[in-house]
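This report refers to the structure that appears directly beneath it.
Every chain is numbered from 1, with letters handed out A, B, ... down the list of sequences.
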Amino acid sequence: MNQFENLKTTEQEKTAGSINRDVVLRTKGIGKYFHEPVKFKVLDNISFEAYKGEFLTLVGKSGSGKSTLLYCLSTMDTTYEGELFIENEKITGKKTDELAALRNKSIGFIFQFHYLLPEFSCLKNVMLPALKLGKHSYQEVEEQAYHKLEMLGLKDQALKPTSKLSGGQQQRVSIARSLINNPQIIMCDEPTGNLDSKNTQIVFDIFKQVAHDHGQTIIAVTHDNDFAKASDRTIELADGKITNYDKKNFD
Amino acid sequence: MRKKSVNIDIAFTHIFTRKKQTLVACLGVTLGVAVYLFMNSLSGGFSVYSRGEIFKNSAHIKIYKEDKISKPFIESSNENELVAIVNPQITTLSKTLVNPQGLLDKLKKQGFLTHAIAQVNVDVFYNNGKSQLKGTANGVNVLEADAMFNISSYMVGGSLKDLQGNLGGIVIGKGIAEKLNVRLNDNITVSSSYGITKTLKVKGIFSTGSALSDQSKSYINISTAQQFVKEGPSYVTTIYANTLNPDAAPDYAKALQQLTEYKVEPWQVTNADVLSGDLVRNTMMGAISLSILVVAAFGIYNILNMTVMQKINDIAILKATGFSGGDVIKIFVTEALVMGFLGCLMGLEVGGILIAIMQNVWMGPPVGYFPIYFSPQFFMSSFLLGILATLGAGYIPARKASKVDPVEIFRK
Ligand SMILES: Nc1ncnc2c1ncn2[C@@H]1O[C@H](COP(=O)(O)OP(=O)(O)OP(=O)(O)O)[C@@H](O)[C@H]1O
Ligand SMILES: [Mg+2]
């Protein structure tokens with residue numbers, strides 16, 4: 001029995017109208033080599049599109065290149081061939097400072113390991129990207145951060161140091177952080193890899209809400225077939241190539 | 001403004017959450033800056049002291065008749081004549097300056113001179129009973145000489161004023177008094193190479209701290225000196241002048257050289273040996289104190305380097321969430337600067353206290369209090385150097401942090 005079954009219907013309605021949806025992220029023939037210990041092609045001619053408001057998952061065997069692809073999409077890895085577009089703007093070839101600003105404004109990250117800053121409170125962790133963006137005053141940012149934490153059911157934990165939180169709570173804080181600047185795209189590498197089924201369900205619900213209610217795009221690498229199956233669309237990778245753009249049957 | 005403050009906010013959080021490391025780094029700088037300040041003040045104090053010693057015996061500028069040496073051969077324009085070769089010898093017949101009053105008047109018109117006095121220096125023998133001592137008697141106008149060399153400040157017996165107008169009086173160095181076994185108001189016999197012998201009453205004893213001059217030098221009235229060399233009141237061997245700025249004495253000397261054919265010599269030339277010793281000492285002290293400062297800066301470097309290593313995940317996260325390399329540099333340089341700033345302030349305080357303590361250490365005559373020099377300039381330079389050193393030491397790890405590749409970190 002799939003724990004995400006009840007959500008499937010709405011997802012299918014959405015996919016039906018996907019043809020006319022706006023493209024948020026697009027890759028054109030992305031390829032990447034690793035040279036150590038021997039030269040090999042880890043990504044081969046990856047071209048796909050991600051749409052506004054889409055909850056997209058990336059699956060594939062271990063070592064198929066999912067994480068590597070995600071780092072290229074995230075603009076943190078710039079040593080690839082081919083081209084990357086975000087909101088119709090060519091990202092490939094931009095300077096590192098421009099990329100940093102772009103990440104700050106348009107991309108949110110969630111990692112398998114939560115990577116919160118241990119010296120700061122949960123609230124401050126969530127606030128930092130917004131303070132960096134500098135669009136709102138400190139008080140406004142604080143308010144927004146409280147709001148995000150509340151959305152994730154963590155309002156009462158806001159002022160605790162991050163080390164005092166459970167793994168699932170920490171992951172939710174890092175989700176709140178990824179959402180604080182209302183980015184176009186949220187990328188995650190195995191966001192539920194360390195979570196039990198209850199916390200996995202919470203994270204899934206948030207992602208769905210973010211994608212469908214707020215129109216933000218989620219690109220999540222996952223090993224969890226149920227999680228992938230319940231998402232809007234699943235792209236499958238094998239040996240650095242896309243083998244399926246809309247995987248339906250999970251074994 | 002907001003963007004800046006978030007970097008500073010992060011830097012301060014790092015500092016507050018690692019108080020111990022911060023304190024260690026601060027103390028390193030404190031020590032470095034304190035020692036640097038102290039050593040420089042010491043060096044400066046010695047310089048001032050040694051300069052004071054020099055000016056007890058030297059004026060800023062000395063004008064005298066240089067010994068002329070005869071040419072070793074006499075050339076001839078006529079080819080039939082031979083060239084005569086003679087042993088070179090001093091051809092100066094008299095050391096007197098012609099028209100000293102005229103020259104003095106000219107000197108006194110120069111705006112940059114504060115004092116100018118005429119003096120007659122006579123080579124003499126001091127006698128008391130069987131003991132005899134060779135030396136130089138300085139014939140001076142007592143009040144003018146005192147204004148120039150500040151002789152009364154290092155009198156250890158009697159009074160310089162008692163010599164004023166007292167043609168039968170003499171003020172001698174402490175060394176002379178000891179060697180001839182004479183006391184205040186005793187008589188000594190002084191004779192010159194011109195065959196003049198006079199009995200003079202010791203009206204004062206001075207101690208300059210230099211054994212050499214204390215054992216040979218004495219002051220007498222200028223007219224007494226002129227009598228010793230059988231000359232009249234227009235006989236003057238040396239003119240001394242003080243200037244507004246002793247450091248500029250070589251330039252002033254050049255200007256004065258235009259006024260006279262006699263040799264105009266700045267004190268730096270007269271005391272070149274002492275000054276070169278000072279230079280060596282200052283250079284050594286500077287090198288030592290600077291290397292201590294470098295060691296202190298190395299402490300900051302070490303601690304920040306460690307912080308960067310430990311915080312490599314945090315740096316990766318910051319970069320992933322949109323902080324640029326420049327932001328990361330700002331964060332860590334801010335940390336270094338805060339440590340440096342606190343360390344410098346404490347260092348100046350500790351250094352200042354050390355100086356104050358040393359200043360009150362009584363060394364006894366002729367040195368007096370320990371010669372250490374309280375100068376705002378040294379405080380400024382110590383502070384700036386301390387900040388500069390921490391800036392340099394902080395920048396290297398900060399740069400390293402800015403180069404952290406988040407992908408590499410997340411892959412682990
Ligand atoms: N820095 C690197 N240098 C050399 N090879 C690497 C490097 N990082 C990853 N690889 C290799 O690239 C391939 C793809 O790695 P990647 O981490 O993208 O796989 P993945 O699909 O995310 O696997 P998993 O599901 O286990 O996380 C693997 O064969 C891996 O060994
Ligand atoms: Mg992976």
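In this structure, the portion of B:L318 lying under 4.5 Å from any heavy atom of chain A is its side chain and not its backbone. Contacts between B:T321 and chain A at a heavy-atom distance below 4.5 Å involve backbone atoms as well as side-chain atoms. Proximity to chain A is absent for every atom of B:F16, based on heavy atoms less than 4.5 angstrom apart. Only the side chain of A:K124 comes within contact range of chain B, with at least one heavy atom under 4.5 Å from a heavy atom of that chain.
Across B:I409, B:D405, B:N313, the residue that shares the most heavy-atom pairs under 4.5 angstrom with chain A is B:N313. The residue among A:T75, A:N104, A:N181 with the most heavy atom pairs within less than 4.5 Å of chain B is A:N104.
The CD atom of A:Q184 sits 7.5 Å away from the NZ atom of A:K105 when rounded to the nearest 0.5 Å.
A donor and an acceptor atom, one from each side chain of B:S47 and B:D278, are nowhere located under 3.5 Å apart. Checking B:D327 against B:S324 by side-chain atom types alone, a donor-acceptor pair falls below 3.5 Å.
Residues B:Y49 and B:Y373 keep their aromatic ring centres 6.0 Å or farther apart. Aromatic ring centres of A:Y71 and A:Y80: separated by at least 6.0 Å.
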